[in-house]
Amino acid sequence: MNIIFRYAFLLLLILKGYTVVSQNIVHVTNYSKNEYKGGSQNWDITLDNSGNVFIANNNGLLIFDGAKWQLLKFPINTIIRSVAYDNNRIYTGSFEEFGYWETDSTQEWKYSSLIPLLGEIKLHNDEFWKILKHKDCVYFQSFGTILCYDYKTIKPLKIPGSILFLLKSNDRLFVQQVNGGLFEIIDQKMIFIPGSHIFQDTEIKAIVSLSDDELLIGTSSKGVYKYNGKSFSEWKNETSEDL
């Protein structure tokens with residue numbers, strides 16, 4: 001539902017900015033699990049620079065090149081919950097497991113676990129639901145931890161308690177505390193955004209930049225808010241009645 005909400009939120013912004021003068025025909029192709037040969041649940045999706053699609057699936061990592069499907073079996077028997085592309089690697093997250101896939105000299109996909117880099121860092125039933133590339137790091141996020149991978153080492157971020165999904169807007173990275181406010185991750189530190197306690201009884205589902213100084217924040221139950229860098233205000237869509 002989180003993915004559906006983000007796409008619906010972006011569609012709302014598009015409709016606000018443009019007047020609908022004609023109806024475009026969009027071709028949609030449905031694929032059954034009998035065609036893609038995977039499990040019935042898909043959790044996350046990403047694209048590489050060539051347009052290949054990678055999907056976190058109950059049964060492994062699905063790859064679709066536009067013509068054929070391929071299912072890569074996970075080396076351990078857990079569900080892949082998250083997937084992200086970065087620099088010819090496909091990062092995936094699962095229950096107490098995360099790492100990356102890349103092709104070898106024979107163009108076969110091989111998986112490399114990043115768990116050995118944890119050292120003395122302990123996981124506590126962590127399931128990694130979100131992976132995001134930000135600046136020079138790849139962030140792996142569960143509801144109880146955020147790990148920063150700089151391609152050499154892994155460092156845990158100090159978090160204020162249980163957290164919701166990482167959200168990226170342009171070149172900024174945010175996360176909401178469960179039943180709490182919004183934090184921005186700056187230099188691998190959690191910086192609380194003053195006034196964001198207004199979101200403690202809802203969940204922030206999407207953040208979209210309007211400009212360098214303005215953000216639109218979509219919530220699960222309190223509508224959409226605008227943030228101007230200093231304060232939050234409820235966003236009114238003046239054209240909503242005309243669409």
Side-chain angles (χ1 to χ4, degrees), residues 1-21 44-47 49 82 84-87 129-141 143 145-150 155-243:
M1 290 301 295
N2 191 44
I3 293 176
I4 295 173
F5 182 92
R6 291 203 300 270
Y7 283 121
F9 184 57
L10 291 174
L11 178 60
L12 173 64
L13 297 181
I14 293 172
L15 292 177
K16 178 182 182 299
Y18 297 93
T19 302
V20 179
V21 295
D44 200 4
I45 187 170
T46 192
L47 295 172
N49 290 338
S82 54
Y85 169 78
D86 174 50
N87 195 26
W129 288 91
K130 194 77 172 182
I131 304 172
L132 282 177
K133 165 68 183 300
H134 179 61
K135 297 187 184 296
D136 296 323
C137 288
V138 178
Y139 290 84
F140 297 87
Q141 177 248 318
F143 294 131
T145 190
I146 298 177
L147 301 175
C148 177
Y149 171 55
D150 64 3
K155 174 184 177 182
L157 274 61
K158 186 177 181 180
I159 61 175
S162 297
I163 54 174
L164 298 172
F165 292 110
L166 282 171
L167 297 168
K168 188 172 182 179
S169 179
N170 285 352
D171 204 29
R172 301 174 68 179
L173 193 60
F174 303 90
V175 70
Q176 183 187 8
Q177 182 181 8
V178 172
N179 298 322
L182 185 65
F183 291 76
E184 183 172 2
I185 298 176
I186 301 175
D187 296 329
Q188 300 178 22
K189 295 181 180 179
M190 307 277 290
I191 308 299
F192 179 73
I193 298 179
S196 64
H197 59 275
I198 62 173
F199 301 116
Q200 64 184 9
D201 57 349
T202 189
E203 293 184 10
I204 296 173
K205 295 294 189 178
I207 300 177
V208 177
S209 295
L210 288 178
S211 64
D212 292 340
D213 300 319
E214 287 189 314
L215 300 172
L216 278 187
I217 299 173
T219 71
S220 61
S221 59
K222 296 181 69 173
V224 181
Y225 283 76
K226 182 185 289 187
Y227 177 63
N228 63 9
K230 295 181 180 180
S231 62
F232 298 89
S233 60
E234 189 175 357
W235 183 61
K236 303 294 185 180
N237 182 6
E238 296 83 0
T239 62
S240 60
E241 295 181 357
D242 300 327
L243 295 177

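Basis for what follows: all heavy atoms, side chains included, without hydrogens, waters or symmetry-related copies. Throughout, numbering of the chain's residues begins at 1 and tracks the sequence. The structure displayed is predicted, hence computed values, not measured ones.
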Student: Looking at Asp171, I'd like to know if its CG atom is crowded, meaning that more than 12 non-hydrogen atoms belonging to other residues, nucleotides or ligands lie closer than 6.0 Å.
Tutor: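 Atom CG in Asp171 is packed in, count exceeds 12.
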Student: Before giving the answer on side chain to side chain contact (heavy atoms under 4.5 Å, CB included), spell out for Ile146 and Ile185 the whole-Å C-alpha distance, their side-chain angles and the decisive distance to 0.1 Å.
Tutor: CA-CA 11 Å; Ile146 298 177; Ile185 298 176; 4.1 Å; yes
Student: As an exercise, state the distance from CD1 of Ile191 to CD1 of Ile186, rounded to the nearest 0.5 Å.
Tutor: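 Going from the CD1 atom of Ile191 to the CD1 atom of Ile186 covers 5.5 Å.
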Student: Just by distance, do the side chain of Thr202 and the backbone of Ser221 share a donor-acceptor pair under 3.5 Å?
Tutor: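 At least one qualifying donor-acceptor pair exists.
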Student: So, Gln176 side chain and Gln200 main chain: donor-acceptor pair closer than 3.5 Å or not?
Tutor: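 Side chain of Gln176 to backbone of Gln200: no pair is present.
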Student: Do Ile131 and Leu166 have side chains that approach each other closer than 4.5 Å (heavy atoms only, starting at C-beta)?
Tutor: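 Not in contact.
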Student: For Asp201, is the CG atom crowded, meaning more than 12 foreign heavy atoms sit under 6.0 Å from it?
Tutor: yes
Student: May I have the step-by-step check of side chain to side chain contact (heavy atoms under 4.5 Å, CB included) for Phe199 and Ile217, ending in yes or no?
Tutor: CA-CA 10 Å; Phe199 301 116; Ile217 299 173; 4.2 Å; yes
Student: Between Lys168 and Lys133, is there a donor-acceptor pair closer than 3.5 Å when you use the side chain of the first and the backbone of the second?
Tutor: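 Flag set: sc Lys168 to bb Lys133 pair under 3.5 Å.
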Student: Give the C-alpha distance, both sets of side-chain angles, the deciding distance and a yes or no for side chain to side chain contact (heavy atoms under 4.5 Å, CB included) between Ser196 and Phe232.
Tutor: CA-CA 8 Å; Ser196 64; Phe232 298 89; 3.9 Å; yes
Student: If you apply the rule side chain to side chain contact (heavy atoms under 4.5 Å, CB included), what do you find for Met190 with Val175, and how did you get there?
Tutor: CA-CA 9 Å; Met190 307 277 290; Val175 70; 3.1 Å; yes
Student: With side chains defined as the heavy atoms from C-beta onward, is the minimum distance between Val178 and Leu164 less than 4.5 Å?
Tutor: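 When only atoms from C-beta onward are counted, Leu164 and Val178 do touch, with a gap below 4.5 Å.
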Student: Side chain of Asp187, backbone of Lys189: donor and acceptor closer than 3.5 Å?
Tutor: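 Side chain of Asp187 to backbone of Lys189, a donor-acceptor pair under 3.5 Å: no, none is there.
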Student: Flag the pair Tyr227 / Ile193 as yes when at least one side-chain heavy-atom distance between them is below 4.5 Å, and no otherwise.
Tutor: yes
Student: Distance check, rounded to the nearest 0.5 Å: Thr219 atom OG1 versus Glu234 atom CD?
Tutor: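 With rounding to 0.5 Å, OG1 (Thr219) is 9.0 Å from CD (Glu234).
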Student: Taking the side chain as every heavy atom from C-beta outward, state whether Tyr225 and Ser233 have any pair of such atoms under 4.5 Å apart.
Tutor: no
Student: Roughly how far apart are Asn179 CG and Gln177 CD, rounded to 0.5 Å?
Tutor: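 So the CG of Asn179 and the CD of Gln177 are separated by 8.0 Å.
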Student: If you round to the nearest 0.5 Å, how far is CZ of Phe183 from CZ of Phe174?
Tutor: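 Going from CZ on Phe174 over to CZ on Phe183, the span is 13.0 Å.
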Student: Quick check: does any side chain N or O of Lys222 sit under 3.5 Å from a backbone N or O of Ile198, one acting as donor and the other as acceptor?
Tutor: yes
Student: For the pair Phe165 and Trp129, name the ring-plane relationship: parallel under 30°, tilted 30 to 60°, perpendicular over 60°.
Tutor: perpendicular
Student: Is the shortest side-chain heavy-atom distance between Gln188 and Tyr139 below 4.5 Å?
Tutor: yes
Student: Are the side chains of Leu132 and Val138 in touch, meaning some heavy atoms are under 4.5 Å apart?
Tutor: no
Student: Tell me whether Ser169 contacts the main-chain N or O of Ser209 through its side chain, where contact means a donor paired with an acceptor under 3.5 Å.
Tutor: yes
Student: A side-chain contact here means heavy atoms from C-beta on lying under 4.5 Å apart; do Ile204 and Leu182 qualify?
Tutor: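 In short, these two side chains touch, coming nearer than 4.5 Å.
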Student: CG of Leu215 to CD of Glu184: how many Å apart, nearest 0.5 Å?
Tutor: 8.0 Å
Student: Quick one, Leu216 and Trp235 - any side-chain contact, counting heavy atoms below 4.5 Å?
Tutor: yes
